[in-house]
Asks: 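I have a structure I would like to understand better, so I am pasting it below and will then ask my questions one at a time.
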Amino acid sequence: MRKILAVSVRVVRVLCVTALLVVIEAGIPAMLVRFAGWPLPTAVPSWEGLRHALMGPITDDVLLKILACPLWLLWAAFTVSLIVEAVAAARGVEIHVPMLGPMQTVAAGLIGSLAITILPMDASLMTGRAEPSMVPVAAAYEAPPPAPVIRIRSERGFPPEPPGKRVHVVERGDSLWKIAGRKLGSGGRWRQIWKLNAHRVQADGQVFTDPGLIEPGWRLDLPSARPEGQKAPDAVREQPRSVRPAQPASPAPSRSPEPAVRISAPDASASPAAAAPEAASPVVLTVEIPSGGVVSLAFAAGISTAYAASRFHRRRRRIPPPASEGISIEPEPEPAPAVKALRRAHLRTYVEKGEDLPADRELMREAFSIDVPDKLVAGRREDRTGAEIEPAGLSLGLTGPGAADAARAIVLDLLRQADRFRAEVVVGTADAQSLFGLAAEELEVMAGAVPGLTVVESADVAVERFTETHFTRSRMLVERGADDIAELRERDPGEVLPAVLLVASVNDGLFDCGVGAILMSAGRSGTGALLLGDWPPGTTCEVGENGLVRSAEGPKGTDLLGTRLFRLPTEDGAACLRQLADAHGGEPDDLLGEEETLDAVVSAVWEGPELVRLLILGRPVIRARGRTETVPLSGLQLQLFVFLALHPDGVTRDEICVALWPDKAVDVGVHDPLRHLRNALKTATGYQDKGRRDAPFVKAHGRSYRIDPEMVSIDLWDFQAAVREARAARDDEPRISALTRAAELCRGVLAEGLTCEWIDEKRNPQTRIQADVLSQLAEFCEERDPEAALDALERIIVLDPDREETWRRIIRLQLRLGRRNQARNTAVLLRERLHEMGVSPVHETERLLAEVTR
């Protein structure tokens, strides 16, 4: 109903505003011409005619034209104001024209009201993605009394605001444009307010999904008042230009003194460029840790926030001991020395400003952002300003004794921003081991836990993935008519287009694959490369042990020569990477993937008769017989393996090409991925051909291919067999047995994480079948084992949360078991979900919710 009302309001608004503009811009001139005539002469008057007009009597016609002249001037001023405000709204800036202030105000309101209706509505109402219109207009009426569920939500309240956080309480008549104009200096910055508050639940229980509809009393977070084009220093905003280390308190007798951490800041001896407030580049504060590493204060703040997030998730996951056990007082786990040093440096900035130390939740909220980083601060120049590099189009090679430490700092600086800034680092296992000194097994865990870190089996696979991403995005730019990837992100903020950075050692393969030529245009596609070794196609810097760039050649050499790059030793880099992994709330077993959630289905070691076990009900997982680690495959190999699994009877070469390469000619690229897939499986299983004539794992019959069921076991095939057995069963016991086997295989949506068109067609039907299996099993178990029935129903909600019937069954079963509080909580969750989706419950659901929440 709310969507229909919003659409109706927009339609009425555009009709009214359009009619008003037509009347003003066309009706007024037409009326003046009709009744007063054109005010200017149609020909150049002669001197005699001009003298006669001035000296002779004034006629009624001339008097009418003189009186109409002010109206013509007002109309012209309004037309100019309308054009100026249209340009200002399109560019997101303010343009002030002398003597047109009142006219500009009226024109700005009309342009804003028209823009919010003409431009696309909030995409979240239809697709879940938000592309706001130009000028969001606030509702000018009081919010209605909250419903019961809204009162339940409002009782939770808001978390305490971080120190110095800017919050605006919406008043009657407010709009995002007006708020941005008053608080941020430009109405064009309303998008920043929308990004900070989009899809947030307000105090009255409503979800902020439409930037054109805001209610009085809503609390909106505001960004910094700094204009968009002006950059902030890497340090905490409003950081004093001179940071003096705080005097440490006397240590307790039982503890050893903390290692010294030094924050370097400009002083009186610094160069004028560093000391002058009007310096072109902001001064970058650095942190020196005891191991000798040097990083920016912004990096220290990121690791400190990661530590706060991991501590927050530990508290969230904690299960209190039962009443029969005593309560033990355990100290907080000690962080790694590098993490501890970086956290102390970050918290010291609050002490220096006389502010209270922020809570963990406050740090996590302050760090939130959804923008892709366009620049990274890689080091500091002699004048203490930051040396910036752009991930998009980066073509940088590092040599010398300090190359690895500098590369490690750059990679971690990008990874600390990868979660919310949407960035991805692609690196081969060998190069990742060289950078972080971790074993391959732990790197696999890190890759699953650190958002943005992609570790593949080799540098060649990393280059292949990087190349595929570059050409895919180049095709997107051509198809959508965009100049670069930044324009695509601006058009569709919901499109996931991270900054992709390839990290690899320089070898002949990089030159053979043409990576240098690709990087010449990589800036448009949002991709770049950081390479360890001499890199003639781009920029090469020789880095000393202290991080100083001693020599540089290439396009960026002049900017980086003499720069002291940030650096992190191997041990500290590994500690920071582990801290980033721990910051996202996953249990150690969870970091290996969702396959560990059902031990009966996915054991740590596959012991079946087949050599390989492929799991695609949920996130794809490949197990080799007798091996604990999963089999790593590149994106293209995994897609091919899953595609073949969905066609047990075989699929032709042409069908593979159409699915995996829809924009390429038939017969392109089939043999190489098949060979790489077989080689990866052979390496993981230790398989030897031993005179076998046909290729292993995937059989070829002419132009058709299919997975060999004697060598590969697939959970989807087992699930389908169990479903067929349950359907054919005549009695309840064999049917329950078959349903139980099928339910044990239900891990999640089909091939979760793959974003291919051909998988989407299969996904919904397969989800429905899994939900139906669990539903039938719950029906059989309701009388004999209600707990098992409740577990099956809750698993349906995880698979398909939009089934109201399943929610109702859960609530009724909870009431039957005497768990009224749980039933009430379930009812609240259901109402919240329906409210967020903008739909009303069916009558049966509404009656049940009213009964439970009454």
Asks: Determine, stepwise, if the pair V295 / T286 fulfils side chain to side chain contact (heavy atoms under 4.5 Å, CB included).
Replies: CA-CA 6 Å; V295 295; T286 59; over 6 Å; no
Asks: Starting at CZ of R678, measure out to OH of Y687 and round the result to the nearest 0.5 Å.
Replies: 11.0 Å
Asks: Which pair of non-hydrogen atoms, one from V450 and one from L577, has the smallest distance, and what is that distance?
Replies: CG2-O, 3.9 Å
Asks: What residues form a side chain to side chain donor-acceptor pair (under 3.5 Å) with S291, not counting sequence neighbours?
Replies: D572
Asks: Tell me, with the steps shown, if V612 and T685 meet side chain to side chain contact (heavy atoms under 4.5 Å, CB included).
Replies: CA-CA 8 Å; V612 173; T685 58; 3.7 Å; yes
Asks: Side-chain donor-acceptor contacts of residues 543-560 below 3.5 Å, not counting sequence neighbours, with atom names and distances?
Replies:
residue	atom	partner	partner atom	Å
N546	OD1	L548	N	3.2
R550	NH2	E542	OE2	3.0
S551	OG	E542	OE1	3.1

Asks: Does some side-chain heavy atom of V631 sit less than 4.5 Å from a side-chain heavy atom of R623?
Replies: no
Asks: Looking at residues at least two apart in the chain, or sitting in another chain, which of them share a side chain to side chain donor-acceptor pair (under 3.5 Å) with N679?
Replies: none
Asks: Does anything in residues 447-468 pair up under ring-ring contact (aromatic ring centres under 6.0 Å, His included), and if so which pairs, sequence neighbours excluded?
Replies: none
Asks: V642 and L638: side chain to side chain contact (heavy atoms under 4.5 Å, CB included), yes or no, with the steps?
Replies: CA-CA 6 Å; V642 173; L638 181 60; 4.1 Å; yes
Asks: Check whether R567 reaches the backbone of G402 with its side chain - one donor and one acceptor, N or O, closer than 3.5 Å.
Replies: no
Asks: Once side chain to side chain donor-acceptor pair (under 3.5 Å) is applied, do any residues pair with D460, and if so which ones, sequence neighbours excluded?
Replies: none
Asks: Could you tell me which residues satisfy side chain to side chain contact (heavy atoms under 4.5 Å, CB included) with A336, sequence neighbours excluded, listed by chain and number?
Replies: V339, A575
Asks: About how many Å separate CG of L438 and CG of L443, when rounded to the nearest 0.5 Å?
Replies: 5.0 Å
Asks: Is Q639 close to L754 at the side-chain level, that is, under 4.5 Å between some pair of heavy atoms?
Replies: yes
Asks: Between I289 and A338, what is the shortest heavy-atom contact and its length?
Replies: CD1-CB, 4.5 Å
Asks: Within this structure, what is the CZ-CD distance for the pair R381 and E388, rounded to the nearest 0.5 Å?
Replies: 7.5 Å
Asks: With sequence neighbours excluded, give me every side chain to side chain donor-acceptor pair (under 3.5 Å) pair touching residues 399-414.
Replies: D405-R408, R408-T570, D413-R416
Asks: Is the shortest heavy-atom distance from the side chain of P536 to the side chain of D534 under 4.5 Å?
Replies: yes
Asks: Nearest heavy-atom pair of A504 and D431: which atoms, and what distance?
Replies: CA-OD2, 3.5 Å
Asks: Between A449 and P451, what is the shortest heavy-atom contact and its length?
Replies: O-CD, 3.2 Å
Asks: Could you list the residues that satisfy side chain to side chain donor-acceptor pair (under 3.5 Å) with S395, not counting sequence neighbours?
Replies: W535
Asks: Which ring-ring contact (aromatic ring centres under 6.0 Å, His included) pairs, counting each pair once, include a residue from residues 375-409, with sequence neighbours left out?
Replies: none
Asks: Let me have the donor-acceptor pairs involving side chains of residues 423-430, under 3.5 Å, with sequence neighbours excluded, atom names and distances please.
Replies:
residue	atom	partner	partner atom	Å
E424	OE2	T454	OG1	2.8
E424	OE2	R465	NH2	3.2
T429	OG1	V456	O	2.8

Asks: With a 4.5 Å cut-off on side-chain heavy atoms, are V461 and S458 touching?
Replies: yes
Asks: Closest heavy-atom contact between H346 and T349?
Replies: O-OG1, 2.5 Å
Asks: Tell me, with the steps shown, if I303 and L412 meet side chain to side chain contact (heavy atoms under 4.5 Å, CB included).
Replies: CA-CA 10 Å; I303 298 300; L412 285 170; over 6 Å; no
Asks: Atom CG in L357, atom CZ in R348: separation rounded to 0.5 Å?
Replies: 12.0 Å
Asks: For the CZ atom of R343 and the CD atom of Q579, what is their distance to the nearest 0.5 Å?
Replies: 9.5 Å
Asks: Got a second to check how far L297's CG is from L342's CG, nearest 0.5 Å?
Replies: 9.5 Å
Asks: Give me the atom names and distance for the closest heavy-atom approach of A306 to L580.
Replies: CB-CD2, 3.9 Å
Asks: Throw together a table of side-chain donor-acceptor distances under 3.5 angstrom for residues 514-529, partners on residues two or more places apart or in other chains.
Replies:
residue	atom	partner	partner atom	Å
S521	OG	I518	O	3.4
R524	NE	D483	O	2.8
R524	NH2	D483	O	3.0
S525	OG	H470	ND1	2.9
S525	OG	A522	O	3.0
S525	OG	T527	OG1	2.9

Asks: So, do D582 and Y307 sit near enough that their side-chain heavy atoms are less than 4.5 Å apart?
Replies: no
Asks: Does any non-hydrogen side-chain atom of L414 lie less than 4.5 Å from one of L376?
Replies: yes
Asks: Counting heavy atoms not belonging to E442, are there more than 12 under 6.0 Å from its CD?
Replies: yes
Asks: Using side-chain heavy atoms (C-beta onward) and a distance below 4.5 Å, is T469 in contact with T467?
Replies: no
Asks: With a 4.5 Å heavy-atom cut-off, do V287 and F299 have their side chains touching?
Replies: no
Asks: In chain order, what residues pass the salt bridge (Lys or Arg N to Asp or Glu O under 4.0 Å) check against R625, with sequence neighbours excluded?
Replies: none
